[in-house]
Q: 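Have a look at this one before I ask anything.
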Number of protein chains: 2
Amino acid sequence: MGYSIGQVAKKTGLTAHTLRYYEKEGLLPFVKKSGSGLRVFSDSDLDWLVLIECLKGTGMSLKDIKQYIDWYMEGDSTLNQRLEMFKRQKLKLEEQMSQLQKHMEKINYKIAYYTEIIAHGSEGVFERNPELAAERKRVYGK
Amino acid sequence: MGYSIGQVAKKTGLTAHTLRYYEKEGLLPFVKKSGSGLRVFSDSDLDWLVLIECLKGTGMSLKDIKQYIDWYMEGDSTLNQRLEMFKRQKLKLEEQMSQLQKHMEKINYKIAYYTEIIAHGSEGVFERNPELAAERKRVYGK
DNA sequence: TCTTGACTTAGAGTTAACTCTAAAAATTAT
DNA sequence: ATAATTTTTAGAGTTAACTCTAAGTCAAGA
């Protein structure tokens, strides 16, 4: 029916320390306590943790995640702020993904470059491999 | 012919403080100094900064970037280590991109959810919008 | 009941990556 | 030549996000 902090740690991959830290920072205002003071996590608390991990994984700070949770606690008057926050995060995420795509191209270039050098030595690597040379020009110009 | 630290800061978007910090950490062992001790960046130093930004942008720590640079300085005996490092980084990057894709789906769900609620109120939102309900089930299960 | 392991708190410590300060020296503009 | 701007250094300070410690409480098994 409820999970101990250790069980949640195992499920989420976070440590118990981190979960307590998140609570202290106001990210888990829903988690109940047993009569003797032990935390009791519900399935819905796990859902919140999934969302927190999602936002954290897209680069949102704990402070901004807390802002969202505070808006949530405030009720329907903050629906628009919450929608706008997700829209902003979506834009940020799209920017991030296209940036990663560019990084991937550079890394692919490096892999091709080193693979070629290791296979055949560095002399004339671009002459011997026109595609490599083209890629270099595309990425670095000149 | 050469750039001052301020010019490089402008070009790269990094601060002069950060550039000095990178140098101190061993990330810029190529940057020359003028007779009177001022840093003089070359175009090739800018290329290094581009690569550093790429690796940093894919989540590599400055310590690991320095390791790569140290290998580079060591010469051809480290070609394989450098290739393997880029291959590892490529895997990490692929994992990252697929993770971001999943995060994007959750955020799209939230945007759809809040948009719907704001437009029509929360009652029966899933009944009125079967696609939203399906997405919820796909992402959260149950 | 005893023991073992999990949990509690407040608060201190750590790490990475900056970010800033101060005072002096170099460069550029007038 | 003078003034304003930029750069230099060593080293101190900051921030986010943990991460750990200590001393005590709680819970489950033999």
Side-chain angles (χ1 to χ4, degrees), chain A residues 1-42 45-46 48-49 51-70 89 92 96 103, chain B residues 1-42 45-46 48-49 51-70 89 92 96 103:
Chain A
M1 239 255 54
Y3 310 100
S4 74
I5 197 168
Q7 289 172 314
V8 174
K10 223 168 233 166
K11 267 180 208 286
T12 60
L14 301 166
T15 69
H17 285 306
T18 300
L19 288 166
R20 286 191 206 99
Y21 169 69
Y22 282 1
E23 192 189 79
K24 195 165 62 180
E25 295 299 302
L27 268 59
L28 302 170
F30 320 104
V31 176
K32 298 277 177 298
K33 298 274 185 91
S34 76
S36 52
L38 302 198
R39 286 173 187 79
V40 182
F41 289 75
S42 69
D45 293 331
L46 292 181
W48 274 99
L49 280 169
L51 180 59
I52 287 168
E53 285 307 284
C54 168
L55 294 174
K56 201 156 61 75
T58 60
M60 192 181 285
S61 68
L62 298 189
K63 188 163 160 284
D64 285 350
I65 295 173
K66 176 174 163 37
Q67 171 66 272
Y68 167 72
I69 289 169
D70 288 348
Q89 202 58 18
K92 214 172 122 187
Q96 239 178 100
H103 293 332
Chain B
M1 239 256 50
Y3 311 101
S4 73
I5 198 168
Q7 289 172 315
V8 174
K10 225 168 231 165
K11 268 180 206 286
T12 60
L14 300 166
T15 69
H17 285 306
T18 300
L19 288 166
R20 286 191 206 100
Y21 169 68
Y22 283 2
E23 192 189 78
K24 196 166 61 180
E25 294 300 302
L27 268 58
L28 302 169
F30 320 102
V31 176
K32 298 277 177 298
K33 297 273 185 93
S34 76
S36 54
L38 302 198
R39 288 172 185 80
V40 182
F41 289 75
S42 69
D45 294 331
L46 292 182
W48 275 99
L49 281 169
L51 179 59
I52 287 169
E53 287 306 285
C54 167
L55 293 174
K56 201 155 61 75
T58 61
M60 193 181 284
S61 68
L62 297 190
K63 188 162 161 284
D64 286 350
I65 296 172
K66 175 172 164 35
Q67 170 66 271
Y68 167 72
I69 288 169
D70 288 347
Q89 202 59 18
K92 212 172 121 185
Q96 241 179 100
H103 292 332

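Chain A is the first sequence line, chain B the second, and so forth, proteins listed ahead of strands; every chain is numbered from 1.
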Q: Base, sugar-phosphate, or nothing: which does A:S4 touch, judged by heavy atoms less than 4.0 Å apart?
A: sugar-phosphate
Q: Please list residues of residues 13-31 of chain B whose heavy atoms come under 4.0 Å from any atom in DNA chain D, ordered by number; otherwise none.
A: B:R20
Q: When you compare the side chain of A:I69 with that of A:F30, does any pair of heavy atoms fall below 4.5 Å?
A: yes
Q: Mind checking the OG-CG spacing from A:S61 to A:L55? Nearest 0.5 Å is all I need.
A: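 Nearest 0.5 Å value for the OG-CG distance: 10.0 Å.
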Q: Do B:Q89 and A:H103 have side-chain heavy atoms sitting under 4.5 Å apart?
A: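 The answer is no; the side chains never approach within 4.5 Å.
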Q: Would you give the length of the straight line joining atom CG of B:D70 to atom CG of B:D64, rounded to the nearest 0.5 angstrom?
A: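 Output value for this atom pair is 11.0 Å.
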Q: Could you identify which residues of residues 61-69 of chain B place a heavy atom less than 4.0 Å from some atom of DNA chain D, listed by residue number, or say none?
A: none
Q: State whether A:R39 places a side-chain N or O below 4.0 Å from either non-bridging phosphate oxygen (OP1 or OP2) of C:dT9.
A: yes
Q: At a heavy-atom distance below 4.0 Å, which nucleotide of DNA chain D is the first touched by chain B, and which is the last?
A: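 Using the under 4.0 Å cut-off, the span is D:dT7 to D:dT9.
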Q: Do the non-hydrogen side-chain atoms of A:L28 and A:D45 ever get within less than 4.5 Å of each other?
A: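 Answer no - side chains too far apart.
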Q: For A:R20 and A:E23, what are the C-alpha separation, side-chain angles and deciding distance, and is it a salt bridge (Lys or Arg N to Asp or Glu O under 4.0 Å)?
A: CA-CA 5 Å; A:R20 286 191 206 99; A:E23 192 189 79; over 6 Å; no
Q: Can you check whether B:T58's main-chain N or O pairs, donor with acceptor, with B:Q96's side chain at less than 3.5 Å?
A: yes
Q: Is there side-chain contact between B:K32 and B:R39, with at least one heavy-atom pair below 4.5 Å?
A: no
Q: Do A:K66 and A:L62 have side-chain heavy atoms sitting under 4.5 Å apart?
A: no
Q: Is there a side-chain contact between A:L14 and A:Y21 in this structure, where contact means two heavy atoms from C-beta onward sitting under 4.5 Å apart?
A: no
